[in-house]
Amino acid sequence: MGAYFTICSFIFIMIFIYFFFSKGSIINTETKIYKFLIIVTEIGLFFDIFAYALFSLGCPVDSFLYFFVVKIELTYFVAWILAFTFYIYVISYHKKEENSKTKHFKKVFTKLKFVFIILLFLIFTLPLDFITKNNVVFPQGLSVNLTYIFAFICIIMSICFAIKNRRNIILTKYSPLFAMIISVIAMILVQSLFPDLFLINFCISIVIVILYFTIENPDLKMIEALNIAKNQAERANNAKTDFLSNMSHEIRTPLNAVTGFAQALKDERDLPDRVKEDVNDILMASESLLEIVNGVLDISKIEANKLEIINNNYNPYKIFNDLVTLTKSRIVEKPIELIVNIDQTIPKILYGDHTRVKQVILNILTNAAKYTKEGHIEFKVSSLIKGDICRLIVSVEDTGIGIKRDKIDKLFNKFERLDEDRNTTIEGTGLGLAITKKLVQLMHGELVVQSIYGKGSKFTVSIDQKVAPSTVKLEDTLEVRKEDLQKDKDVKGKSVLVVDDNKLNIKVATRLLEDYGIEVDSCLSGFECLEKIKTIKYDLIFMDDMMPKMSGTETFHKMKENPNFTTPVVALTANAIAGMEEKYLNEGFNSYLPKPIERKALDSIINKYLNNE
Ligand code: ADP
């Protein structure tokens, strides 16, 4: 009867081994022990069946062969229980560091090998004999007793490990141990009733299956490994974004000097024409460089899921006008007509991320201007209003070079430029449309491209924006708050303080401000600034933010602690990515001016805070 159980277990474990090894699994100490356990179990079951067969074929129990087979069975049992105890020890062991853990397990394993060799020696040297009761043969003698005592000690040790570490480990991990204890008790009970039922191997097979579901679920392990890999990749991506942010900040500082001095030079009277042209080229080149820096930063932020959509009330007409002006300036030298068609039913104030909406439309308008030699560009904006949602439908149609049908899919790949041989004279990085598409997705919009190669293209973007409630007035929109209010500047005699830890930046700002006839004072840290404002009353302060020891924001808050301090403070910073303007205004700064300093933006700040009129 017992033989049937053993044969079934043998076949079952064989199938189990086949599926287990054909499936991938992660190699760690637990899985190594598990592999050892299932193979040893199968070998043990084989010898068990072999012993039954010998007995059934009439092989005398005192023969050497029978004797030898039983000794091997005892050895198998000792090896199994030793490995199982080691497994319980491994899952109970709690030291965080993976490397030191593996080293420790290797040491324990060496000791266990030593114990096993001694046991092997004892099992094979200590006496073994058999008694036959009711036609059932029972092995007994010192070697059998030793095996049982050792198994008992191992189970007690496993229970101790489990109790000691019960807080550190999920209880289900110990279920093979519980199964082991329960099946041993059940086996003793069953065997006392039916002495010919040898169930030990059957119990072991059950424990093996339970073990599979607790330790050796390869899917769970794979997911765990995938999660670790995902976290590592995310960390690497974040590190890349941080690196790019820092780089962009660093690049902006020298770029600020290049554009700043070039601006100042450009305004210089009596410059020879050739120098004027060179200065214009410097300005254009630095603008493209800035565009590239911003593009790389945007794409890395998008990939790290760090790009936020910052909503505000804004005037869409102001944006469309700006876009038209910018596009016009790009096509002045080409025989291209810009047809503008803006639906006047679009609400005056919308709520959304105006910077990103503008960036998206500007990208497709710029492309139309870049890739069209002659003809026209039609910039059309219509709207669909449903409740408080206004769907802006912006289309830009050109009579440019067009895009081959099979290339349209590649249009949105990073750094992918199509038709390179025809585009060599046109500047670009291949980032614009990749960013545009991601931005449109982030705003839950849609971007559709239609094009006929050689004839022209049409890019259509639709983005939903909220209609601002009627209580919001035009004056509350961000653009009006920073708009150029007066044209002519009368700022003579005004004094300005520039706070920046970088001497070159101070030089640039001073050079640009002195052109207006303003008295410029400067200092290199927040501490110096706090000292200066105690004795001097400035009309305006330009404050860099990223300064060592005390940041511009900290300095600003310290200044504001004095209730009599009323001087307007402008954040003048290379921390110029999208969302920074809102951040600084929310901190309480009066205005924000990104580096490299743009003459127009500086003009508007000077007009706003220093104009005598
Ligand atoms: P860039 O213009 O910097 O190369 P973009 O991502 O904006 O990068 O555009 C990717 C490519 O798509 C361009 O190199 C160009 O080949 C093609 N493309 C984009 N817009 C147009 C257009 N309006 N007409 C023709 N080709 C275009």
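Indexing begins at 1, ligand by ligand and atom by atom, following the structure's order. Along the sequence shown, residues carry numbers from 1.
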Any atoms of ligand 1 less than 4.0 Å from a non-hydrogen atom of I401? List them with their elements.
-> 25 (C)
Distance-only donor-acceptor check, side chains R235 and Q232, under 3.5 Å = no
Specify side chain, backbone, both or neither for D398, according to which of its non-hydrogen atoms lie closer than 4.0 Å to ligand 1.
-> side chain
Residue-ligand contact F459/ligand 1, heavy atom below 4.0 Å = yes
Any residue meeting ring pair (Phe, Tyr, Trp, His ring centres under 6.0 Å) with F556, in chain and number order, not counting sequence neighbours | F589
For S457, the atoms of ligand 1 under 4.0 Å from one of its heavy atoms are 22 (C), 24 (N), 25 (C)
Kindly list each side-chain donor-acceptor pair under 3.5 angstrom involving residues 496-505, sequence neighbours excluded, with atom names and distances?
from, atom 1, to, atom 2, distance (Å)
D500, OD1, N502, N, 2.9
D500, OD2, N505, ND2, 3.4
D500, OD2, K595, NZ, 2.8
N502, OD1, L504, N, 2.8
N502, OD1, N505, N, 3.2
N505, OD1, N256, ND2, 2.9

Near L411, which atoms of ligand 1 are under 4.0 Å from a heavy atom of that residue?
-> 12 (O), 17 (C)
List the atom of T259, the atom of L283, and the distance in Å for their closest heavy-atom pair.
-> O-CD2, 3.8 Å
If we only count N/O pairs under 3.5 Å, is L433 in contact with ligand 1?
-> yes
From the list K358, H354, Q465, side chain to side chain donor-acceptor pair (under 3.5 Å) with Y314 holds only for Q465
Atom indices of ligand 1 within 4.0 angstrom of K370 heavy atoms, with elements | 1 (P), 2 (O), 3 (O)
Under 3.5 Å side-chain donor-acceptor pair for S451 and S457 = yes
